[in-house]
**Q** 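Sharing a structure, written as structure tokens. Questions coming.
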Amino acid sequence: MTITKEEYPTPENEIASWEQDLDRVGFVRRALRARKWYGADWWFVAISMVMVAGFLIIAFFPDPFAPFGPNEIVGSSFLAPGETPPVPVLIVPQDSPVEELQDLAVPVGSERPAIAVEQGLPTSVALREQAQIIDDQLKDDPEELRLRVRIERYNTLEETLQAVVDEEVHAAVVQSTDFEVVKSQFPTLRASESIMGDTATAGGFLLGTNEIGQDVFSRLIWGAQVALLIGFSASIIALVIGVPLGLIASFVGGSLDRYLSLLMDSLYAFPGLILAIAITAILGPSIFNIIVAIAVVYIPTYYRIVRGQTFSVKAEVYVEAARSIGARRTEILRRYIFPNVIPSVAIIFSVNVADAILTGAGLSFLGLGLPPTIADWGIDLARGQRFIQTAWWMITFPGIAIMLVVLAFTLMGEGLMEIFNPKLRDR
Amino acid sequence: MPKDILYSVKNLTVEYKTRAGPVRAVDDVSFDIYRGEILGLVGESGCGKSTLGKAMMRLHTGPAEITGGELWFDERDLMTLSDREMTDLRGAEIGMVFQDPMTSLNPVQRIMEHLTETIQTHEPETSDADAESRAEELVERLGIRRERLSEYPHQMSGGMRQRVMISLALALNSKLVIADEPTTSLDVIVEYQFLDLLHELRDEFGLTIVLITHNIGVVAEIADRLAVMYAGKIVEIGDCFGCFGDPKHPYTQGLLRSVPNIKLDGEELYKMEGAPPNLLRPPSGCRFHPRCPFVMDICRTEEPAFKLVEGGDQITACWLYQETPVGPELSRA
Amino acid sequence: MSPIAIIALIIGIPALIGLIYILITGSTGLRRFVITRIGLTLPMVFILATLVFFIMRVLPGDPVTSALGPKGTPEIIERIREQLGLNDPILVQYGNFLKDMITLNFGNSLTGGHRPIVDEMSERFPATLELVIPASFLALSLGVIGGAWAASRRKRATDYGMRVYSVVIYSLPIFWLGLMLQLLFGVWLNWLPISGRIDPVIGTTLDRTTNIYTIDSIISGNWLALGSTLAHLVLPTVTLGLILSGVFVRLTRINVIETQHADYISAARARGIRERVLTYKHALKNAMIPVITLIGLQVAILLAGAVLTETVFSWPGMGRYLVERISSRDYTAVQSGIAVFALLVAVISLAVDIIYSLVDPRVRY
């Protein structure tokens, strides 16, 4: 039993000055002072709000965070997190003075350097490109050295390297990893540095690459956009449709209320995901259709909550009292019903966004709905499942991303609920 | 303990932790309860009487906490007992009857089970059959037919449920029963029967009863002594006849005058000035001073002691009956 | 006997007996309640089925064409459309649809061999049951005990721990949890299989009567099959059950906390009943009443989770069936599948409501 100030009117001078200050103080201060009172729940809300803010920032401004674009192919496939991608290196005899590609430059008119590569690999492309770059740089060189390589192709890795041993060529260019494997067979050869010079990916990719060589981490960042878009749009649409319907139904009552409620209850009881699957399948794959599908699933939630709350508020004695002194319907709506309903709706919205993101991810996981050029966590998980034996990072990180975002919104809703619900609070 | 005191409360303070600070719902209260008496504890809503009643069994939960004092029951200070010992004591030596019998009974449990569970919790060796027969005897003595024991609470009338509550409180022959607003939810006729029943129980079994209520009429009916609470303190305690005939404390006087007299004779209804204070910042000195028609300067600054009135039977806390300290050097309490 | 018939009997006979019992012994109030609820179920199924029907016909593009793909010449397409009655006026189609639904005449699948849909479903449905029932038990036991435990230690470490647990579990995408479990137990530790219901070789030795492999293997004494089935059952069941338990922990906790503040709990405490008894017996029993009503709603989550779990673990159940059929635009199969789901949901919520009325004596008398 707490005795609140409102119950007993007290003379002005008896209210403590600090109490008066507390009321006048801004929201922020009150929120901070609330920390002591609400205890751990305050932390729940605070942490989750920070997380939500972080997520929103990442979603709106992915560029500072993502090293690469969502569909950019940045390296070889299936690179583990932090694994250095294999780079093409120059293979020369042990005693050769050649350290890098540039060292093979010769004066104009001399024999062009021959370099062996394995047939069919991208190393030849890399070689040609690098040689061209170096050659262009040398054009301005007064010493008149040029690098015009002659590329000799061999069928296998061993033949390629053997050519160097047999001095058929001046050097070979192979992948560093390939050379590591067969190094022991060619004790007279050594690998110089990478012919690529300075690579931005020397340190490997933070979370690895997927099956076609895209950076997992970048796709995580970019995926936030889709998740946010779907989550918020679907929830907002559902709210905009569901809340007014709920209010109307509870105000008008009668058969409208009965039939509408029956429809809504049936929809609500039906598994949302399956409904969303059906709608998406019918309407076809596109982001808009996914949003619509998820929105339809959640309309009944808002409807029920608003309707239930409105009913219970309407039945309260104070509303009856207000009506008896002539308050109009709109006034009752505004003063009594709204303030009671809005906190619930806010909480539902927060949890709703979380749920919508989950459902959206589920839908794309099942392969329904998104065009393949969009980076999305669900699709990444589906793709990763095929390679679960080899590339564990493909399924781990997108899932963690989903979990963190959903967690943030859910925590926020949970915390808000504890704070707004006085019965649970004061005990 | 002299004069057969069953329960002695000494300097009890119960605080509620609220967002704006601690509130002392019961502030330094001391009084005695004699064996075999019916003590009425009256006061307005929010004066702390329910809190006091619960605190006497250390039954409080949540934000309330006993922050000081001793509770001497039958030569033991309850404040020193462990949780387990306290649990054993509840229901066996001290019982409680609550205000709303409908919500105080478990809706999914039959009445019989309420009783047998209580019996078997305190006396685990009792067999089911024994417990049941004891339960049957018990309720029959209280006027409930034994066939009704197999019913659920919602199948009974209000008055019957309240009898069940008493039987639960007495299941193990408690010495003290604290009744917290037991008749507030009953209509007048049932209330009368209930009070009659309490009286019988006291006469027949020597039961000691503390009757907490805001209804003075109820107290007048059956109580031996009266204790008046205001703003967390007891302001007057004494024999009923004495209090009703010659109330000492101005608050008691006001309280009694507020009771509408059926022979109104065109008199206006009396209303006390002001309202009970905010216990966050209680008034200085005597808490009643803002409303007291006999207020003196000393009342605003010094709190009066709780003392026996000279030449009277009541104990009261009012400067009207005490020697006021003279001079500033004596105003240290 | 077809598996569907067997299952219908296993569920139907006790249900019928229970229903008769209620109608005979229950008070008028209860009787009226039960009959009303049954009466409400029909419109619910009706509405859902109608929704399915009209939605599928609003489909842009011709389903038969997209289902047949390049194999469909105009003549064949026309013939099949006639066969399916797709050229009839919509009301006639609707009438036939309802008639078919009632008689369980689902027709044949448009793709994948044109088998009768009933046969296809009677293979998948028991698979889903075998997954969903143990998962529900797991979720309920974990959830109720966890929730009650959290409520008994309010505002202490356990309470917050349980709340964090339920929130985290709720936020986990179920398909991700499944994948992680597959990774850990299937790939890295190699303790458990990660797809299918049973080892394919062992599977050939199993006599399928009910199509619930655990039951079938016990009936035929095929212990090898039983072992393989159980091993395959572990990961999917744990996945589904764990996720669902989060919901139940939360529900139970909140309801027990609410109940703990009831007057009768204080009154019982005043009689010296011990705290633990108060929480686990008195409060929990009363708290379960609202929880039971909400269990019915969790069925929706359960089925949605089943769809995803089945996809992750390649479990050949109704969920995966539905997804496959939608992807291949198999019109009739999708229609029937959703209708079956709707019926399932309606029946389960009806059953839950009836159980609720049995548990709460206030409704009974």
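Chain A is the first sequence line, chain B the second, and so forth, proteins listed ahead of strands; every chain is numbered from 1. All heavy atoms count here, side chains included; hydrogens, waters and symmetry mates do not.
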**Q** Flag the one option from C:Val164, C:Ile194, C:Val168 with the top tally of heavy-atom pairs under 4.5 Å to chain A.
**A**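 Answer, by heavy-atom pair count under 4.5 Å with chain A: C:Val168.
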**Q** If you tally heavy-atom pairs under 4.5 Å against chain C, which of A:Thr359, A:Asp355, A:Leu263 wins?
**A**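 Most heavy-atom pairs under 4.5 Å with chain C: A:Asp355.
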**Q** Go through C:Pro173, C:Gly319, C:Gly305, C:Gly186 and name the one with the most non-hydrogen pairs under 4.5 angstrom from chain A.
**A**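 Ranked by contacts with chain A, first place is C:Pro173.
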**Q** Please classify the contact of A:Ala354 with chain C as side chain, backbone, both or neither, using a heavy-atom distance under 4.5 Å.
**A**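 No part of it gets close to chain C.
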**Q** So for C:Val167, is it side chain, backbone, both, or neither that comes closer than 4.5 Å to the heavy atoms of chain A?
**A**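 C:Val167 touches chain A through backbone and side-chain heavy atoms alike.
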**Q** Against chain A, label C:Leu322 side chain, backbone, both or neither, depending on which of its atoms sit under 4.5 Å from a heavy atom there.
**A**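 Just the side chain, heavy atoms under 4.5 Å.
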**Q** Can you tell which part of A:Leu404 gets under 4.5 Å to a heavy atom of chain C, answering side chain, backbone, both or neither?
**A**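 Neither part.
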**Q** Can you tell me if A:Asp265 and A:Ser261 form a side-chain donor-acceptor pair at under 3.5 Å?
**A**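 Their side chains do not contain a donor-acceptor pair, so the 3.5 Å distance test is not met.
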**Q** Please work out which of the three classes, parallel, tilted or perpendicular, describes the rings of C:Trp188 and A:Trp392, given edges at 30° and 60°.
**A**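 Rings of A:Trp392 and C:Trp188: perpendicular, over 60°.
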**Q** Mind ranking A:Ile395, A:Val405, A:Thr410 by heavy-atom pairs under 4.5 Å with chain C and telling me who comes out on top?
**A**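 Among the listed options, the one with the most contacts to chain C is A:Ile395.
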**Q** So A:Trp377 and A:Phe55, would you call those rings parallel, tilted or perpendicular, with 30° and 60° as cut-offs?
**A**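 Answer is tilted, since the angle falls between 30° and 60°.
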**Q** Under the rule for salt bridge (charged side-chain N to carboxylate O under 4.0 Å, His left out), what residues qualify as partners of C:Arg124, not counting sequence neighbours?
**A**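 Salt bridge (charged side-chain N to carboxylate O under 4.0 Å, His left out) list for C:Arg124, sorted by chain: empty.
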**Q** Taking every heavy-atom pair that is under 4.5 Å apart, which of C:Leu308, C:Val323, C:Leu177 has the most such pairs with chain A?
**A**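 Option with the greatest count: C:Leu308.
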**Q** With the side chain counted from C-beta on, respond yes when A:Leu381 and C:Trp176 share a heavy-atom pair under 4.5 Å apart, and no when they do not.
**A**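 They are in side-chain contact.
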**Q** Below 4.5 Å, heavy-atom pairs only: which of A:Leu267, A:Ile357, A:Ile400, A:Leu411 has the largest tally toward chain C?
**A**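 That would be A:Ile400.
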**Q** Between the side chains of A:Ser364 and A:Asp376, does any donor sit under 3.5 Å from an acceptor?
**A**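 There is such a pair between these side chains.
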**Q** Taking the inter-plane angle between the rings of C:Trp191 and C:Phe185 on a 0 to 90° scale, is it parallel (under 30°), tilted (30 to 60°) or perpendicular (over 60°)?
**A**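 Geometry flag for C:Phe185 against C:Trp191: tilted rings.
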